[in-house]
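One structure below.
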2 protein chains.
Amino acid sequence: MTANAARADTRPSPRRRAGNGAAPREAAGDIGLDALVGHAGYAVRRFEIWIFQDFIRTLGEVDIRPTQYSVLTVIGANPGLSQMAVAKRLGIERARLVHLLDSLEQRKLVKRIKSKEDRRSHALHLTAQGETALTKFKRLAAEHERHVEAKIGKENRAHLLRILAGFT
Amino acid sequence: MTANAARADTRPSPRRRAGNGAAPREAAGDIGLDALVGHAGYAVRRFEIWIFQDFIRTLGEVDIRPTQYSVLTVIGANPGLSQMAVAKRLGIERARLVHLLDSLEQRKLVKRIKSKEDRRSHALHLTAQGETALTKFKRLAAEHERHVEAKIGKENRAHLLRILAGFT
DNA sequence: GGCAATTGTTGTCGTCAACAACATTCTTCC
DNA sequence: GGAAGAATGTTGTTGACGACAACAATTGCC
């Protein structure tokens, strides 16, 4: 139990206005989160929502979402990977990756080349267009990352990356 | 730019095996993430997946998911809130909250009481059964939180909560 | 040669965020 | 006091995403 949640943990509730009147007093912003403030998952979730919104907005002009960006980056750094390898590396289901690649292939950013060594699999490559596009995406993503720094602080961001390095 | 991503940032790609052969060498685990390792969003996303899976598993015996837990906790700490107030406080859309409350009301954990002051709105309360259930949920959630501590370290978890406190 | 495993694909289901539209009720403004 | 606009809860749709299950083609194992 954290020091935060210790006080109000097992107590049922303050029970203000036991009746039912929804006094507009709470509309101000003094709604307590109770045990929620001690939960890492809640903070992480709220943060992830913020960070994804900023990513999507910052890369909105090129219409690239976080998952698409991660797929392009990994393919760009490791040309020739199979879909299975990419899916496993990024924690995406291979069924989901099919649609992602369909979309990216339609946009001429990625191409699937039938492997001659294992004819079940596809070797994934960026197209020439995909390469130049990716460098632009990376520039925008770096800009998004500066937004994160501005939001939580440069040192905090670095510390956070260090804490969560094991999950990448 | 972080020290990590600085090296391979703008370079297009190492271009190993420009042909297409998907050599199984990479299956081992040496697939580089390139710029991805410098992105807080990616790390946060992978972490959130892990933390949610553990939460769902730990509270599996009571069949409570993170969002349901957050709703119950806030209602428990602030009886009489309207749906709008809860939605705004937790960053949930009010349309989504309707289904959440439908489910929780069916399970007799929450009741909607028509407010007499504003007949558009419902005052939300825990049932007696909901109160006792919530204390059990909190106990399980605390257990989940210990799993987080075990995973990333006690100090890191505390530091992370401090960094992200502004998003709650 | 035959059988299990792998790869990509298709499909379904459930969760979740984002909207849009609507009826009821409140608030504001004339 | 009454009309216009806003707020609240509800219903429905869309799209991204994770989890599964089933399938054909291909590979690897025995």
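A note on names: the letters A, B, ... follow the listed sequences, proteins ahead of strands, and every chain is numbered from 1.
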**Request:** Provide, to the nearest angstrom, the distance between the CG atom belonging to A:L97 and the C1' atom belonging to C:dT10.
**Result:**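 Answer to the nearest Å: 15 Å.
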**Prompt:** In whole angstrom, what separates B:E93's CD from D:dT10's C1'?
**Reply:** 13 Å
Does any N or O donor sit under 3.5 Å from an N or O acceptor when you compare the side chain of [X] with the base of [N]?
X	N	answer
A:R96	D:dG18	no
B:R119	C:dT25	no
B:R120	D:dA7	yes

**Prompt:** So which nucleotide from D:dC17, D:dT10, C:dT7 ends up closest to the side chain of A:M84?
**Reply:**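 Shortest atom-to-atom distance from the side chain points to C:dT7.
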**Proximity to the side chain of A:S82 - top-ranked nucleotide from C:dG8, D:dT10, D:dC17** = C:dG8
**Prompt:** With under 30° as parallel and over 60° as perpendicular, where do the rings of A:W50 and A:F47 fit, or are they tilted in between?
**Reply:**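 Answer is parallel, since the angle falls under 30°.
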**Message:** Taking the side chain as everything from C-beta on, heavy atoms only, tell me whether A:H159 gets closer than 4.5 Å to A:R162.
**Reply:** yes
**Request:** Evaluate the side-chain proximity of A:V110 to A:I75: yes if any heavy-atom separation is below 4.5 Å, no if none is.
**Result:**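 A side-chain contact exists here, since the closest heavy-atom pair is under 4.5 Å.
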**Message:** Reading DNA chain C from 5' onward, which residue's closest nucleotide shows up sooner: A:Q53 or A:H99?
**Reply:**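 The 5'-side residue here is A:H99.
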**Item:** Contact nearer the 5' end of DNA chain C, comparing B:A95 with A:D102
**Value:**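 The residue closer to the strand's 5' end, by nearest nucleotide, is A:D102.
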**Request:** For A:P66 and for B:R94, locate the closest nucleotide of DNA chain D by heavy-atom distance; then report the residue assigned to the nucleotide nearer the 5' terminus.
**Result:** B:R94
**Prompt:** With nearest nucleotides of DNA chain D determined for A:L100 and A:D118 from heavy-atom distances, which residue corresponds to the more 5′ nucleotide?
**Reply:**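 The residue whose closest nucleotide sits nearer the 5' end is A:L100.
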Is the shortest side-chain N/O distance from [X] to OP1 or OP2 of [N] below 4.0 Å?
X	N	value
B:R112	D:dT10	yes
B:Q83	D:dT10	yes
B:R65	C:dC16	yes
B:T67	C:dC16	yes

**Prompt:** Less than 4.0 Å between a side-chain N and a carboxylate O, is that true for B:K151 and B:D54?
**Reply:**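 A salt bridge is absent here (no side-chain N lies under 4.0 Å from a carboxylate O).
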**Request:** May I ask you to say whether A:R45 pairs ionically with B:E48, meaning some side-chain N is under 4.0 Å from a carboxylate O?
**Result:**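 B:E48 and A:R45: salt-bridged.
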